[in-house]
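Side-chain atoms are counted along with the backbone in the values below, which use heavy atoms only and exclude waters and symmetry mates.
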Amino acid sequence: MSWQPDPQAIEQLKHIFRGTLSTNNEERRLANDALTQARENHEFENYLLTLLVYDTTTRADVRAAAGMNLKNSIMKNKDGQGIDRSYLMSNVMNGLRSSDALVRNITGNVITSLFSIYGLDHWSSALSDLLQLAQQGNLGADNGSGEDFKTQEAAMSALAKICEDSFYELSREANNGGERPLDYLMNEFLKLMDSPSIKVKAFAVHCINQFILLNTQSFLVILDHYLNKIFTLAQETDADKSSLGEELKKNICTSFLWILETRPDKMVPHLDGVIHYCTHLMQTVDQDEAVALEACEFMLALATNPEFSRAFTTEKLKTILPLLLTKMVYSEEEIMSIELSDDRDDTNMADKDEDIKPTNAKTKDARTANGSERRDNIGGGGSNNEANSDSNKGNDLNGFGNSKKSVNGNDANADDDSNDDEEEEYDDDDDEEIGQWTLRKCAAATLDVLSENLAQEVLLVALPILQERIVSEHWPVREAAILAFGAMSLSFTKFASDKLPQLVPFLVDRLQDQQPRVRQITCWTLSRYALWVSQEAHEGGEYANYFQPTFQSIVGCVLDSKKVVQEAACSALASFIEESDSSLIVFYLEPLLEQFAKCFQMYQRKNLIILYDCVQTFVEKMGYENLSYDPKYTSTLLPPLLQRWELLDDDDNALWPLLECMASVAATLKELFAPYAVPVYDRALRILSNCILMDQNCQTDPSIDIPEKDFMVTSLDLIDGLVQGFEYQSIDLIQRDLSSSNDLLNLLLACFEDYNSDVRQSAFALLGDLAIYVIDVLKPYLHLIFLSIGKEITNRSSETFPVYNNAIWALGEMVIRLSEQETKPYLENFINLLVPILNSQDTESTVLENCAVTLGRIGLIGSEVIAPRLVEFILPWSKNFVHLDDNEEKQTGLQGMIKSISLNPDNGFGGLNTQQGRKRLAKFLEVLANYQDANSELQTLFLSLITNFKSLIGDDAWNNELLKFVDPSLRQALTF
């Protein structure tokens with residue numbers, strides 16, 4: 001028998017909900033207490049559904065409150081233990097028939113919540129019931145009209161949410177294979193695209209969109225039919241300016257975008273029409289901005305793919321480029337918001353907590369095999385809390401979003417797969433009112449890509465427009481033109497450098513513009529030309545005298561009264577320091593230090609993050625030699641940093657960028673940092689210890705908050721900076737606490753086991769530096785350290801490559817400083833782990849290089865273990881070793897490999913009389929021939945080895961058969 005509610009209980013529940021909605025505090029409190037008690041009833045959800053769906057005489061807000069409580073109850077009790085929800089699943093669809101929009105909407109939320117838990121396996125009728133309602137309209141609805149599409153639309157809304165949340169489940173096979181729910185759904189959605197309701201059509205397209213990126217067969221088989229339908233819809237709805245018509249247009253543009261990304265071949269025949277459609281949507285004056293943004297997204301995706309460059313003919317560019325430049329101008333709504341924001345953007349006003357985005361320790365590159373190029377762990381990249389969207393530093397166009405730049409000018413995310421979404425590249429505006437991905441940002445990003453791929457064509461069309469707009473009296477037009485010059489910097493530098501002698505001084509003048517947003521964007525745009533300005537000066541070019549006024553003007557702007565300009569100027573200053581030769585910057589060393597000191601006094605918390613990064617960049621560029629020249633340099637630099645250090649508590653997130661900055665300063669200043677080393681080291685160790693202890697305790701005590709891992713990362717990095725700075729003398733710091741259970745080594749061992757990859761990455765970086773300078777402190781813990789390294793390499797994944805790369809590098813630093821007796825028990829296992837990595841086809845180059853160096857270094861102490869295995873990896877070893885920079889790492893790695901080869905000169909290459917063996921030897925000989933800076937010891941080794949191989953092979957075979965496999969440019973070095 002079907003469940004039936006108790007009418008008295010229903011009345012009670014209605015009374016409770018009316019009380020929860022009361023404006024009287026006491027009445028509301030009593031009602032909430034009663035509601036808490038009512039939840040104990042195991043039929044509570046059934047009553048809530050009855051009130052939501054069937055009680056048509058009750059106020060809509062009471063029914064809505066019951067519905068929201070029902071949704072919350074379902075999500076809170078996902079396991080459903082002790083709850084029979086068959087009544088819910090059998091009756092909830094009826095709520096979609098309600099004449100009340102609020103009831104329909106909340107019913108849809110309840111349906112999607114139930115489906116997210118039970119899915120097709122336990123609620124197989126859900127999709128068919130929704131589709132049936134979507135197709136039949138309001139028949140049987142409680143208003144009985146049957147004259148509109150409210151039920152259809154409500155059912156489609158629920159279906160759309162289910163498709164969003166459960167697209168993977170819907171695309172999998174059901175009933176032990178063979179059937180895919182999506183096959184059925186796709187055909188039904190195609191039919192619903194013919195609905196008389198615009199809203200149903202929009203939902204149908206939205207549903208299909210959720211599956212395009214999966215590239216599933218269920219979609220591919222209907223793709224041609226679907227394209228025909230959306231082209232028809234695009235034509236039919238062109239004149240529809242209603243909100244529903246706009247939603248449909250937006251969804252159509254999304255379809256075009258995602259089909260372009262997954263099946264571009266299907267878009268090629270229609271590109272002209274789609275470009276015209278998207279351009280038209282962007283041109284329409286009263287067009288909804290969300291629609292124009294989606295249309296612009298398609299243009300951006302099309303421009304990003306070089307294969308489609310031909311689609312942007314000169315005639316099309318004459319329409320598209322002026323449109324993009326217009327859309328880069330702030331809208332009236334944005335201007336009002338900006339002006340309100342700038343009125344309160346005074347440097348003397350403290351930042352509110354909500355003004356400061358959460359910061360993270362910097363994204364770090366894995367340590368490269370090049371010994372002179374350490375992992376970006378201490379030197380740091382750009383702050384993760386970068387400047388306002390239009391003022392970030394960087395030579396990639398991140399003036400519209402999150403710029404993560406390392407100090408050597410490379411993208412700090414270069415080895416990540418984090419650049420797939422253009423929105424992520426440009427979407428990090430710190431101003432709340434313009435913090436989202438906007439049409440302005442998308443237009444700027446599109447201009448950037450077009451100017452890179454079609455530089456000359458874009459310049460021809462855009463330059464005359466920009467020359468007119470950059471002198472506009474209307475500041476938003478002027479600002480957008482300056483932004484465009486920044487976006488097009490690569491094409492200007494390459495194909496219109498004759499314009500730069502006029503442009504750069506003009507931009508310098510604009511740093512005095514009355515409008516702060518113009519000053520802000522000018523800082524960013526000038527940073528895009530920093531390389532040209534600095535090269536002219538360094539190389540003594542015709543415009544060498546541009547550097548001084550440009551650089552000094554940027555330096556002056558860091559003390560602007562507006563915080564948005566400070567932020568942009570500080571980022572631009574860091575870019576100029578990065579791009580310029582140190583000989584140019586050293587002239588300004590003392591004035592810069594004094595300016596930084598003033599900034600520390602002036603900046604609020606948000607801009608201090610940018611300032612730390614700029615100081616880091618400056619310190620690393622200047623280096624020890626310049627900063628140690630005069631004692632007053634350190635006496636100017638350190639006090640402001642140490643003052644901030646003293647002001648911040650151990651649990652303040654603002655410590656993270658400061659710790660990273662201090663790490664770089666300590667590593668650079670070396671003994672000049674000695675007066676501060678002990679308290680800094682002790683505090684870093686304390687923070688690290690406290691975080692590890694909290695992490696352990698929160699596993700058993702839920703009342704203890706999980707610690708922020710960035711405290712551990714930055715503490716490890718700071719200790720690493722001290723070790724790098726004090727080198728062999730760092731033993732004096734470390735030995736002070738070796739008797740404690742919380743000494744550095746025990747904490748380091750705990751960090752090796754941490755689940756957070758950034759923690760382990762920093763820990764293995766520190767391990768490598770400890771091996772270089774204080775190997776003796778590691779010896780009591782060798783077994784545990786080697787186990788941790790082995791575990792990290794064994795459990796490697798594409799996501800953890802920076803971690804196991806550092807582990808491999810640290811291993812290489814250890815083995816060349818330990819005795820054979822200390823390492824022998826572990827060498828064979830490590831070789832078994834490293835050889836498969838070196839032979840892999842999909843591993844990052846830095847990992848392969850570190851792997852090659854470490855295997856070579858193992859040969860120094862374990863050549864008898866390496867020699868029998870040479871044939872397994874000597875070819876990839878040589879390919880990854882040959883182009884490494886000549887340094888100590890390469891030297892020791894090569895010495896170890898030569899020692900191993902000498903034990904097995906023939907079999908190590910698989911037989912020197914075979915063609916394959918000679919190819920392997922040829923690749924190895926290229927390593928020797930390409931070594932540019934070999935010392936006398938290495939040269940003797942090379943000569944001895946080559947002579948030995950010539951005698952084994954014979955002069956004729958050497959000259960006529962072996963050398964033909966050697967790169968022609970290197971043969972001469974092997975002929976004597």
Side-chain angles (χ1 to χ4, degrees), residues 338 341-342 345-349 351 355 382-383 385-395 398-400 403 405 428-431 475 478-479 482-483 485-486 489 504-531 533-534 546-580 584-585 588 591-618 621 640 657 661:
I338 285 170
S341 173
D342 287 350
D345 181 44
D346 187 85
T347 188
N348 296 319
M349 296 182 67
D351 293 333
D355 294 335
S383 166
N385 190 15
E386 289 283 4
N388 167 281
S389 117
D390 299 325
S391 61
N392 288 343
K393 72 173 185 173
N395 288 328
N398 285 325
F400 320 107
S403 172
K405 239 189 106 182
D428 194 29
D429 234 349
D430 284 341
D431 288 342
W475 78 258
R478 191 164 71 245
E479 189 271 353
I482 294 172
L483 168 60
F485 274 107
S489 61
V504 171
F506 177 85
L507 292 173
V508 171
D509 288 342
R510 291 276 58 77
L511 291 176
Q512 306 302 318
D513 199 287
Q514 291 184 345
Q515 287 294 332
R517 297 293 168 148
V518 175
R519 302 199 298 274
Q520 175 198 36
I521 201 61
T522 302
C523 287
W524 176 78
T525 295
L526 276 171
S527 75
R528 299 273 287 175
Y529 294 96
L531 182 61
V533 174
S534 61
Y546 278 34
F547 182 84
Q548 181 177 352
T550 305
F551 188 73
Q552 287 183 333
S553 295
I554 293 288
V555 172
C557 275
V558 299
L559 294 178
D560 196 279
S561 62
K562 294 296 183 181
K563 288 188 279 189
V564 293
V565 183
Q566 293 172 3
E567 188 177 39
C570 205
S571 290
L573 177 57
S575 286
F576 268 90
I577 292 171
E578 283 183 17
E579 299 291 0
S580 303
L584 295 174
I585 306 300
Y588 303 94
L592 274 173
L593 285 170
E594 293 172 353
Q595 200 80 334
F596 288 145
K598 293 175 184 176
C599 289
F600 274 111
Q601 296 299 317
M602 186 179 194
Y603 280 15
Q604 302 297 335
R605 289 187 59 175
K606 179 181 169 187
N607 282 353
L608 280 172
I609 297 168
I610 310 298
L611 180 59
Y612 292 140
D613 180 63
C614 189
V615 169
Q616 240 180 297
T617 304
F618 166 77
K621 175 66 76 169
C661 183

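- Judged as a side chain to side chain donor-acceptor pair (under 3.5 Å), and not counting sequence neighbours, S561 has no contacts.
- In this structure a side-chain-to-backbone donor-acceptor pair under 3.5 Å is missing from K606 to E567.
- E578 approaches T617 most closely through the heavy-atom pair CG-CG2, 3.3 Å.
- Summarising the geometry, atom CD1 belonging to I482 is positioned 6.5 Å from atom OG1 belonging to T525; distances are rounded to the nearest 0.5 Å.
- F551 pairs by the ring pair (Phe, Tyr, Trp, His ring centres under 6.0 Å) definition with F547, Y588, not counting sequence neighbours.
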> N607 and C570: side chain to side chain contact (heavy atoms under 4.5 Å, CB included), yes or no, with the steps?
Replying inline: CA-CA 8 Å; N607 282 353; C570 205; over 6 Å; no
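- The two residues L593 and F618 come nearest to each other via the heavy atoms CD2-CE2, 3.5 Å.
- The closest donor-acceptor contact from the side chain of S580 to the backbone of I577 lies at 3.5 Å or more, if one exists at all.
- Nearest heavy atoms, L584 versus S534: CD1-O, 3.6 Å.
- A569 and V558 make their closest contact through CB-N, 3.7 Å (heavy atoms, listed as atom of the first residue, atom of the second, distance).
- In this structure, CG in L526 is found 5.5 Å from CZ in F576, a value given to the nearest 0.5 Å.
- A donor-acceptor pair under 3.5 Å is formed between the side chain of Q595 and the backbone N or O of V555.
- S527 places a side-chain N or O within 3.5 Å of a backbone atom of W524 that can act as its donor or acceptor partner.
- When atom types are taken as modelled, the side chain of D345 and the backbone of K562 share no donor-acceptor pair closer than 3.5 angstrom.
- Residue Q566 holds its CD atom at 9.5 Å from CG of L608, rounded to the nearest 0.5 Å.
- Listed by first and then second residue, the side chain to side chain donor-acceptor pair (under 3.5 Å) pairs that reach into residues 551-560 are R519-D560, sequence neighbours excluded.
- Residues meeting the ring pair (Phe, Tyr, Trp, His ring centres under 6.0 Å) test with Y603, sequence neighbours left out: none.
- With respect to R517 and D342, a salt bridge is recorded, a charged nitrogen being found less than 4.0 Å from a carboxylate O.
- Separating the CD atom in Q604 from the CG atom in L611 is a distance of 12.5 Å, to the nearest 0.5 Å.
- Considering OG of S571 and CG of D613, their distance stands at 7.0 Å, rounded to 0.5 Å.
- Listed for the S489 side chain is a donor-acceptor partner under 3.5 Å among the backbone atoms of G486.
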Expected list for residues 504-513: side-chain donor-acceptor pairs under 3.5 angstrom, two or more places apart:
unit_1	atom_1	unit_2	atom_2	d
R510	NE	D513	OD2	3.0
D513	OD1	R478	NH2	3.0
D513	OD1	Q515	N	2.9
D513	OD2	R478	NE	3.0
D513	OD2	R478	NH2	3.2

